[in-house]
Amino acid sequence: MTLHFPREEFAARLERLKARMREEKLDALLLFAQESMYWLTGYDTFGYCFFQSLVVKADGSMALLTRAADLRQARLTSTIENILVWVDRSNADPSMDLKNLLVDMDLLGCRLGIEYDTHGMTGRTARLIDNQLVSFGELIDASTIVSDLRLIKSEAEIRHIERAASLADDALEAALPLVAAGADEAAILAALQGAVLAGGGDYPANNFIIGSGEEALLCRYKSGRRILQAQDQLTLEWAGVSAHYHAAMMRTVLIGEPGPRHMELYDACTATLQDMEARLKPGHTFGEIFDTLARSLDEAGMTRHRLNVCGYSLGARFAPSWMEHQLFMAGNPQAILPNMSLFLHVIILDSERNAAMTLGQSYLTTDAGPRSLSRHGVDLLRR
């Protein structure tokens, strides 16, 4: 069996979940988020692009409903013992199989929590489930119960996060020497991803971001590669990944002599990141961190060039995104607590002057303040 954590750790996670279910008065929880299933049992697959659900009862008993292709996957990678398969066929409705499973688990008329807000729950799946279960029991949106529990990392999880951070540093060190006038973005991207895989890491939950010239102002991956010019800018966002745990980094690298606007943006980025770091500790909230960014950049005259989120919680995630539910955005009351793994970024995108500057680091929170997980500082990167 392939488990990244001892069974005792999974048992402790289940006890935490049962306690939370008692607080919410849930008789059962229907998990559709792959990261929830992975955190609770070790189940590791990309089969969540099809219908599957892990049913967890208040007493801790579990049953997985999945496809035949994932039967052996679940047996090999998880602690789940009760695995049922729904049959692929024309006009199949696996929500009926799920309803029958719930009947077998004596859950008729019960209060059922469902993870709706996840990439493992398509709109069609949600409609099928609601149609089948609307009169079966009381349905509760329980999308964030497990993700909230996952906010605080165990010592074993932290070891994977630290390894992921080391792989992210390795990726930067592999790619940076290739950044120069005449370089192909393809070679730089291959070096970033190759260093993570060669170091024993995993594919990331979303594509690495690479863009130069005017595409340095993009915050998403796009297809197509470009050759760097003698005077250029290159934005990179990547992550090291260990057992699906992510540690992200973000940088804008300048090629050639930096102009005054780029230096102005860099100074604003570093000052803002320092202000955010000072508040990244217990006694503050996610919303306060965003307020710090907004205040700092607004005072620097960057209001039109900043974004409305400045980071998020990181952990074990599956495609299409390594971002967790908890974002640094206005009004978020989530408290900062010890042993959270968090990614802070300052992104300034001046479309009027075609100038980008970004800084992003992953941190582990402590009572005393944040510990950067990278061995690299945030000095301006120039080539």
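Values below: all heavy atoms of this structure, side chains included; hydrogens, waters and symmetry mates excluded.
In terms of heavy-atom proximity, A239 sits nearest to A168 at C-CB, 4.3 Å. In plain terms, the two heavy atoms of R163 and G201 that are nearest each other are NH2-N, 4.2 Å. Between M21 and L29, the shortest heavy-atom contact is CE-N, 3.7 Å. Considering every non-hydrogen atom in both F286 and L327, the closest pair reads CD2-O, 3.5 Å. Contact between A74 and L64 at its shortest, heavy atoms only, is CB-CD2, 3.6 Å. Between A316 and A243 the shortest heavy-atom distance is CB-O, 4.5 Å.
Checking side-chain atoms of Q132 against main-chain N and O of I129 turns up no donor-acceptor pair under 3.5 Å. Between the H246 side chain and the H244 main chain, a donor and an acceptor come within less than 3.5 Å of each other. The backbone N or O of T66 lies less than 3.5 Å from no partner atom in the side chain of D70, so there is not a single donor-acceptor pair. At distances below 3.5 Å, at least one donor-acceptor pair connects side-chain atoms of T122 with backbone N or O atoms of T125. Between the side chain of S362 and the backbone N or O of A247, no donor-acceptor pair lies under 3.5 Å. T118 places no side-chain N or O within donor-acceptor distance of the main-chain N or O of M121, the cut-off being under 3.5 Å. Between the side chain of D169 and the backbone N or O of S374 there is no donor-acceptor pair closer than 3.5 Å. Between the side chain of W238 and the backbone N or O of L189, no donor-acceptor pair lies under 3.5 Å. The main-chain N or O of A12 is never found under 3.5 Å from a side-chain atom of R16 such that the two would form a donor-acceptor pair. Q233 places a side-chain N or O within donor-acceptor distance of the main-chain N or O of A356, the cut-off being under 3.5 Å.
Taking the six-membered ring for Trp and the full ring otherwise, F5 and H160 have centroids separated by under 6.0 Å. Proximity of the aromatic rings of F290 and F328 is defined here by a centroid distance below 6.0 angstrom, and this criterion is not met.
When each of I140, L139, L133 is tested with L30 by the rule side chain to side chain contact (heavy atoms under 4.5 Å, CB included), just one qualifies, namely L133. Each of R317, Q52, H119 was compared with Q34 under the side chain to side chain donor-acceptor pair (under 3.5 Å) criterion, and only Q52 meets it. Of the candidates E277, R251, H376, Q361 forms a side chain to side chain donor-acceptor pair (under 3.5 Å) with just one, namely R251. Each of R375, R371, K153 was evaluated against E162; a single residue qualifies, R371, per the salt bridge (Lys or Arg N to Asp or Glu O under 4.0 Å) test.
Ion pair E352/R304 flagged as a salt bridge, since at least one NZ, NE, NH1 or NH2 atom sits closer than 4.0 Å to an Asp/Glu carboxylate oxygen. A salt bridge does not link R226 to E215: none of the charged nitrogens lies less than 4.0 Å from a carboxylate oxygen. Between E155 and R159 there is no salt bridge, since none of the side-chain N atoms of the basic residue sits less than 4.0 Å from a carboxylate O of the acidic one. With respect to R13 and E9, a salt bridge is recorded, a charged nitrogen being found less than 4.0 Å from a carboxylate O. For the pair R279 and E288, the salt-bridge criterion is not met [side-chain N within less than 4.0 Å of a carboxylate O]. Between R261 and D350 there is a salt bridge, since a side-chain N of the basic residue sits under 4.0 Å from a carboxylate O of the acidic one. Using a 4.0 Å cut-off between charged side-chain N and carboxylate O, E257 and R382 make a salt bridge. Between D367 and K281 no salt bridge is recorded (no basic side-chain N to carboxylate O distance below 4.0 Å).
By the 6.0 Å contact criterion, CZ on F46 is open, its count of non-hydrogen atoms from other residues, nucleotides or ligands being 12 or less. The local environment of CG in D106 is sparse, with at most 12 non-hydrogen atoms from other residues, nucleotides or ligands closer than 6.0 Å. Annotation for E173: atom CD counts as buried by contact number, over 12 foreign heavy atoms lying within 6.0 Å. The 12-atom threshold is not exceeded at CD of E214, counting heavy atoms of other residues, nucleotides or ligands nearer than 6.0 Å.
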Inset, instruction - Could you check M263 against L380 for side chain to side chain contact (heavy atoms under 4.5 Å, CB included), going step by step and ending with a plain yes or no? - result: CA-CA 9 Å; M263 294 307 301; L380 179 64; 3.5 Å; yes
Legend entry - CA sep, side-chain torsions, deciding dist, call: I145, L26, side chain to side chain contact (heavy atoms under 4.5 Å, CB included): CA-CA 11 Å; I145 284 182; L26 294 177; 3.6 Å; yes
Inset, instruction - Kindly indicate, with the supporting measurements, whether the criterion side chain to side chain contact (heavy atoms under 4.5 Å, CB included) is fulfilled by C219 and I347. - result: CA-CA 9 Å; C219 297; I347 300 175; 4.3 Å; yes
Inset, instruction - Could you give me the CA-CA distance, side-chain angles and deciding distance for H325 and S147, then say whether side-chain hydrogen bond (donor to acceptor under 3.5 Å, both in side chains) is met? - result: CA-CA 7 Å; H325 274 128; S147 65; 3.0 Å; yes
Legend entry - Stepwise side chain to side chain contact (heavy atoms under 4.5 Å, CB included) test for L337 and T365: CA-CA 7 Å; L337 302 169; T365 57; 5.8 Å; no
Legend entry - side-chain hydrogen bond (donor to acceptor under 3.5 Å, both in side chains) assessment of T252 paired with T358: CA-CA 5 Å; T252 298; T358 66; 2.9 Å; yes
Inset, instruction - Start with the C-alpha gap between D298 and R306, add the side-chain angles, then the distance that decides, and say whether salt bridge (charged side-chain N to carboxylate O under 4.0 Å, His left out) holds. - result: CA-CA 9 Å; D298 290 353; R306 64 171 173 83; 2.9 Å; yes
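Side-chain contact check for V241 versus L167: every heavy-atom pair is 4.5 Å or farther apart. Taking the side chain as every heavy atom from C-beta outward, R383 and L176 approach each other to under 4.5 Å. Using a 4.5 Å cut-off on side-chain heavy atoms (C-beta onward), S36 and L40 make no contact. Looking at heavy atoms from C-beta onward, E185 lies in side-chain contact with S212 at the 4.5 angstrom threshold.
Under the 3.5 Å distance criterion, with hydrogens and angles disregarded, no donor-acceptor pair is assigned to the side chains of D379 and Y266. There is no side-chain donor-acceptor pair under 3.5 Å between T2 and T77. Looking at T41 and T79, their side chains never bring a donor and an acceptor atom within 3.5 Å of each other. Donor-acceptor pairing under 3.5 Å is lacking for the side chains of T292 and D275. Side-chain N/O atoms of D148 and Q326 include a donor and acceptor closer than 3.5 Å.
How far CG of D291 is from NE2 of H284: 11.5 Å, rounded to the nearest 0.5 Å. A distance of 10.0 Å separates CG of D104 from CG of L107, quoted to the nearest 0.5 Å.
Between Y38 and Y245, the two ring planes are tilted [angle within 30° to 60°].
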